[in-house]
Number of protein chains: 2
Amino acid sequence: MNKDHLYLAKLRDYYANTGVFPPYSGIAKLIGMRSKGGVSAMVKRLANAGYLDVTSDRRIKPQKSFFERELFDYVQAELPQSANDTLAEPYSIDEYLINTPSRTVLLTIKGDSMIDAGLMPGDVVIVKKGAPAKVGNIIVAIVDGEYTVKYLEARDGQYYLRPANKAYPEIYARDHLEIFGLVVGSFRKY
Amino acid sequence: MNKDHLYLAKLRDYYANTGVFPPYSGIAKLIGMRSKGGVSAMVKRLANAGYLDVTSDRRIKPQKSFFERELFDYVQAELPQSANDTLAEPYSIDEYLINTPSRTVLLTIKGDSMIDAGLMPGDVVIVKKGAPAKVGNIIVAIVDGEYTVKYLEARDGQYYLRPANKAYPEIYARDHLEIFGLVVGSFRKY
DNA sequence: CATCATATAGAACTATCGTTCAATATGAAA
DNA sequence: TTTCATATTGAACGATAGTTCTATATGATG
């Protein structure tokens, strides 16, 4: 068992903070090595394992696996903090939430009209532009030139928008309901 | 008026795709300059403007402003226009939500005890292990060997757990309240 | 304990990086 | 147009990066 996962953890923290990797001498200091040669070997191992990529101009590039996180299960609560975390699955948040980057847009929730759907003011929703929406889906519609996040509903063959908050009225389009995109996810930072 | 904002745009795109900056010769090619000297000057300008930072070991580091535009533009730029969307790359949600990967863990919400806080069953919370928690924060505690996500509250100098759902009772620890970590964010997929 | 594979130390080496500076280009203001 | 400030070119320079190789350390396994 080698210490590469420890090194990887430090590299991840450093990169998350700075957005850059240090030079090999700096990495050595960071992970507690004394030689650049050792770093070079370690980087190659992490590259082989799919976490990093070394470009032709000798720069370290993070790969997908570099951003994977551990998804814990409730069951594991009793388990002591073992070094081996085989029970936690790797998980990439961006990959999980977004699969068509070019058609995907982020939008910040304003107001509490969707609060019963768990969308609080300040939450960011992930919107897939032009995706087909069904009744019951949360969508982004354009009403009076403004974007609105609401449930898409239908009555008597006519679509309308329903907020997830009884304090707000349902919205009926005059003639045509303009749908901007489908809400496929959301996130929030405390 | 100089072209720095164009250069910045290209650097942003490149960085969003790769997670790294090219060497100055590569930047020159990228932005259509013919000399590294010009790049050097341009980088200094962008650093002065607060977008970049040049470290003592001559590495280019993105600053906060470097990422600002993307979130901002996504929210606002989309509003007036509806079709014009070549400003590609989504900024990394992962980067936004997580800054200490090694101490960060994901946990799936079970049940609706935190539903008034906008945490629905199936949502994933981002937990910073061992982070200091204050009263009013949402935390992950270990109760009877299971993870529980609740508000941390205090009464008469004693900590207890409060669900965000009136149908659930408050939880008082027998002797010691074991806190696993602090909830710093959450996300959800529809 | 001895053996073997792998990881790290350390130093020497070369490529390449970013800096610098003078000359030139660009472009706004008068 | 002329003037003036700023941007860019291009080449030379020194510094430092990462590679490489050997020796040593580490640590697992028998």
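Below, chain A is the first sequence line, B the second, and so on; all start at residue 1.
The nearest heavy atom of DNA chain D to S40(A) and to D4(B) marks one nucleotide each, and the one closer to the 5' end goes with D4(B).
Regarding R34(B), its CZ atom lies at a distance of 15 Å from the C1' atom of dT26(C), rounded to whole Å. Counting to the nearest Å, the P atom of dT8(C) and the CG atom of L6(A) are 11 Å from each other. Atom CD1 of I27(A) and atom P of dT16(D) are 18 Å apart (whole Å). In this structure, R59(B) atom CZ and dC17(C) atom C1' are separated by 10 Å, rounded to whole Å. Rounded to an integer number of Å, the gap from L46(A) CG to dA7(C) P is 11 Å. Rounded to whole Å, atom C1' of dA28(D) lies 14 Å from atom NZ of K3(A). Atom CE in M42(B) sits about 15 Å away from atom C1' in dT19(C), given to the nearest Å. Nucleotide dA9(C) holds its C1' atom 16 Å from the NZ atom of K29(A), rounded to whole Å.
For the pair K36(A) and dC21(D), the criterion of a side-chain N or O lying under 4.0 Å from OP1 or OP2 is not met. Between R58(A) and dT20(D) there is no side-chain N or O to OP1 or OP2 distance below 4.0 Å. Between R45(A) and dT8(C) there is a side-chain polar atom (N or O) within less than 4.0 angstrom of OP1 or OP2. Taking 4.0 angstrom as the limit, S35(A) places none of its side-chain polar atoms (N or O) nearer than this to OP1 or OP2 of dT8(C). Not one side-chain nitrogen or oxygen of Y24(B) sits closer than 4.0 Å to the OP1 or OP2 atom of dT8(D).
A salt bridge links E170(B) with R155(B): at least one charged nitrogen is closer than 4.0 Å to a carboxylate oxygen. Looking at D94(B) and R69(A), a side-chain N of the basic residue comes within less than 4.0 Å of a carboxylate O on the acidic one, giving a salt bridge.
Side-chain contact of Y160(B) with R162(B): a donor-acceptor pair under 3.5 Å is absent, judged by distance alone.
The Y7(B) side chain lies nearest to dT8(D) when the options are dT8(D), dT8(C), dG10(D). For P23(A), whose side chain is taken as the heavy atoms from C-beta onward, the closest listed nucleotide among dT16(D), dG18(D), dT8(D) is dG18(D).
K189(A) places a side-chain N or O within donor-acceptor distance of the main-chain N or O of Y96(B), the cut-off being under 3.5 Å.
Ring pair F21(A)/F66(A): centre-to-centre distance below 6.0 Å.
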